[in-house]
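Below: the structure, in structure tokens.
Just follow the structure's listing: the first ligand is 1, and inside any ligand the first atom is 1. We count residues from 1, following the sequence as given. Remember, it's a predicted structure, so these values are computed and weren't measured experimentally.
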Amino acid sequence: MTIDPVVVIGAGPVGLFSVFACGMLGIPCYVIDTLKEAGGQCMALYPEKPIFDIPAYPAITGKNLIEQLKEQAAPFKPRYFFQKEVQKLLPQKDGGFLVQLSDQESLQASAVLICTGGGQFTPKRPPLKEIEDFEGSSIFYHITDPALFRNKRVLIAGGGDSALDWALELSTSAEVTLIHRRHQFKGQDHSQEKLQDAIAEGRIRLMVPFQLAGLKGQQGQLRAVLLVDDQEAVVEIETDYLLPFFGLDIQKSPFQDWGLDVEKGTLKIDPATGQTNIPGIYGAGDCVTYPHKLKLILTGFAEACQAAHFIKKTSGQPYKFQHSTSKGVLGF
Ligand SMILES: Cc1cc2nc3c(=O)[nH]c(=O)nc-3n(C[C@H](O)[C@H](O)[C@H](O)COP(=O)(O)OP(=O)(O)OC[C@H]3O[C@@H](n4cnc5c(N)ncnc54)[C@H](O)[C@@H]3O)c2cc1C
């Protein structure tokens, strides 16, 4: 007897580990994310930052952790649905769910595991005409491959940690101009000190107070960016890339519309089983709450494992606890 897939909502680190945890118990997974790639906060917010509290990794960057998690999930052949949003979770008579996606597609699920973390985040886009023509080719809101900018002209816009960190990082291999609408930066003090050194040494050109005003180029390739200062004077800066770091808009999932109990926007679950107030709907990771919950990746991994085991125990199929060393994984 086969078991219908579990629909995992959210392909952050916890959603990815859920695929492994379910897979080890013989449960296939569909994974849905509104973003166009897996990784959640690790990829969207800090791909190049080292994480120090993942067991057995003294240090691992957000990007590398996600690569490892995808590799760990791969033997269980998850089916990913990117750039899709869940609209409705409809309980079925047999105890499963019909999961309705934004594009009319529906998925049959034996259970639903919600791993929506901090919510759906989208980068704040500067309101520039025809910006979409350059996004993904000359304009990026997060960096996954710093080598792309080697020996290129890069214009970075913003005054927070991301803008400062990337200006400093890329200044070792690219021609970097940093613009900000104010004279003051919000980045950490030590980054601001390093920035002053880099400006003094001529590694970064600073332009303040300037804002983005227009784009020039064709076929997805930027040629120049127009900037306007606080006196409305416009200047044109030639550049190959524009990296706007203006923060993120975050939208929480409509848990209450799905009939789920929430506390301060997070799902209330039983940590022993991962179950919400609706039997068959589970939660793990940053989107859940219970007494003394820690918003850490390793905590989310354990929650995903608890949920996977309870899903199997209540599936009507035989359940047996086994260590991975006994069960093994295909391909190893
Ligand atoms: C700067 C920074 C540094 C951090 N450092 C550490 C650290 O050192 N150690 C540590 O343990 N933790 C750290 N964290 C926290 C850690 O990133 C989170 O605990 C972790 O990402 C939670 O994983 P998750 O899978 O639950 O959620 P997320 O990573 O938030 O992923 C959720 C995914 O769900 C998707 N999603 C949301 N809503 C929907 C929807 N309705 N439909 C479909 N998809 C949806 C999102 O697009 C996203 O991809 C840090 C966080 C930040 C911001």
Side-chain angles (χ1 to χ4, degrees), residues 7-21 29-66 69-70 73 80-89 99-103 105 107 109 112-123 141-142 160-162 164-166 187-188 191 245 247-258 260 262 265-267 269 274 281-289 293-305 307:
V7 165
V8 177
I9 310 178
V14 177
L16 291 173
F17 190 71
S18 301
V19 174
F20 173 82
C29 289
Y30 294 148
V31 187
I32 301 160
D33 204 297
T34 45
L35 296 177
K36 63 178 181 203
E37 63 178 358
Q41 295 174 49
C42 298
M43 283 299 279
L45 302 181
Y46 56 100
E48 297 297 332
K49 279 206 167 127
I51 309 170
F52 300 103
D53 52 1
I54 302 297
Y57 286 103
I60 183 166
T61 62
K63 182 179 167 185
N64 287 344
L65 175 67
I66 295 306
L69 286 166
K70 283 198 290 191
Y80 292 103
F81 297 80
F82 288 118
Q83 294 181 294
K84 307 257 172 160
E85 203 177 330
V86 172
Q87 302 231 297
K88 285 186 185 155
L89 302 176
V99 180
Q100 283 190 348
L101 306 184
S102 36
D103 58 0
E105 198 169 352
L107 303 172
V112 175
L113 178 46
I114 301 177
C115 303
T116 51
Q120 302 173 42
F121 21 77
T122 44
Y141 300 102
H142 70 269
D161 280 322
S162 296
L164 264 58
D165 289 352
W166 279 115
Q188 295 187 22
S191 300
F245 292 118
L248 296 164
D249 282 322
I250 297 176
Q251 195 191 330
K252 292 272 182 190
S253 298
F255 296 141
Q256 272 156 320
D257 295 350
W258 298 343
L260 295 163
V262 295
T266 42
L267 274 179
I269 62 154
I281 301 186
Y282 300 79
D286 274 16
C287 67
V288 305
T289 189
K293 156 78 182 168
L294 295 175
K295 285 194 179 181
L296 286 174
I297 295 167
L298 69 89
T299 314
F301 289 165
E303 290 158 358
C305 211

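- With respect to atom 41 (N) of ligand 1, the closest heavy atom belonging to the protein is Ser253 OG, 3.0 Å.
- Contact annotation: Gly300 has no heavy atom less than 4.0 Å from any atom of ligand 1.
- For ligand 1, the polar-atom distance check finds no N/O of Cys42 at less than 3.5 Å from any of the ligand's N/O atoms.
- When non-hydrogen atoms are compared, ligand 1 lies under 4.0 Å from the backbone of Gln120 as well as from its side chain.
- Considering only heavy atoms from C-beta on, Ile66 comes within 4.5 Å of Pro13 through its side chain.
- The number of heavy atoms from other shown groups lying within 6.0 Å of CD (Glu105) is above 12.
- Asp286 approaches Gln41 most closely through the heavy-atom pair OD2-NE2, 3.1 Å.
- Residue-to-ligand polar distances keep Ile9 apart from ligand 1: every N/O pair is separated by 3.5 Å or more.
- Glu303 places none of its side-chain heavy atoms less than 4.5 Å from the side chain of Val14.
- In terms of protein heavy-atom proximity, atom 19 (O) of ligand 1 is closest to Asp286 OD1, 2.8 Å.
- The atoms of ligand 1 that sit less than 4.0 Å from any heavy atom of Gly12 are 25 (O), 31 (O), 33 (C).
- The contact set between ligand 1 and Gly285, taken as ligand atoms under 4.0 Å from a residue heavy atom, comprises 26 (O).
- Within the 4.5 Å cutoff, the side chain of Phe81 has heavy atoms near those of the Leu107 side chain.
- Under the 30°/60° scheme for interplanar angles, the aromatic rings of Phe17 and Phe301 are found to be tilted.
- Applying the 4.0 Å criterion to heavy atoms of Ile51 picks out, from ligand 1, the atoms 7 (C), 8 (O), 9 (N).
- Scanning all protein heavy atoms for the shortest distance to atom 11 (O) of ligand 1 gives Ile297 N, 2.9 Å.
- You'll find the side chain of Lys49 reaches within 4.5 Å of the side chain of Asp165, heavy atoms only.
- Relative to atom 52 (C) of ligand 1, the option among Phe82, Phe121, Phe52, Tyr46 with the closest non-hydrogen atom is Tyr46.
- Contact atoms of ligand 1 toward Gly118: 30 (O) (distance under 4.0 Å to a heavy atom of the residue).
- Checked by distance only, ligand 1 and Gly39 stay at 3.5 Å or farther apart across all their nitrogen or oxygen atoms.
- With ligand atoms numbered from 1 in the order given, ligand 1 contributes 26 (O), 27 (O), 28 (P), 30 (O), 32 (C) to contacts under 4.0 Å with heavy atoms of Gly117.
- Side-chain contact between Val288 and Thr266 is absent, with no heavy atoms from C-beta onward closer than 4.5 Å.
- The closest protein non-hydrogen atom to atom 23 (O) of ligand 1 is Pro13 CG, 3.4 Å.
- Nearest approach of Val7 to Ala109, heavy atoms of both residues: CG2-CB, 3.6 Å.
- Of all protein heavy atoms, the one lying nearest to atom 29 (O) of ligand 1 is Gln41 N, 2.9 Å.
- At a heavy-atom distance under 4.0 Å, only side-chain atoms of Asp53, from C-beta outward, approach ligand 1.
- Ring geometry for Trp258 against Phe255 counts as perpendicular: the plane angle is over 60°, on a 0 to 90° scale with 30° as the lower cut.
- Near Cys115, meaning under 4.0 Å from one of its heavy atoms, ligand 1 places the atoms 32 (C), 33 (C), 34 (O).
- Counting heavy-atom neighbours within 6.0 Å of Lys88 NZ, excluding the residue itself, gives a total of 12 or less.
- Put simply, the side chain of Ile114 reaches to within 4.5 Å of the side chain of Leu260, judged on heavy atoms.
- Which parts of ligand 1 touch Leu45 is read off a 4.0 Å heavy-atom cut-off, strictly below it: atoms 53 (C).
- The contact set between ligand 1 and Gly10, taken as ligand atoms under 4.0 Å from a residue heavy atom, comprises 33 (C), 34 (O), 35 (C).
- Inter-residue side-chain proximity for Asn64 and Tyr57 is flagged as unmet; no heavy-atom pair is nearer than 4.5 Å.
- Looking at Thr34, Val14, Ile66 and measuring to atom 45 (C) of ligand 1, the nearest heavy atom belongs to Thr34.
- Considering both main-chain and side-chain atoms, Glu85 never comes within under 3.5 Å of ligand 1 through any nitrogen or oxygen pair.
- Between the choices Asp33, Ile54, Ile32, the shortest heavy-atom distance to atom 33 (C) of ligand 1 belongs to Asp33.
- The shortest side-chain heavy-atom distance between Val86 and Leu101 falls under the 4.5 Å cut-off.
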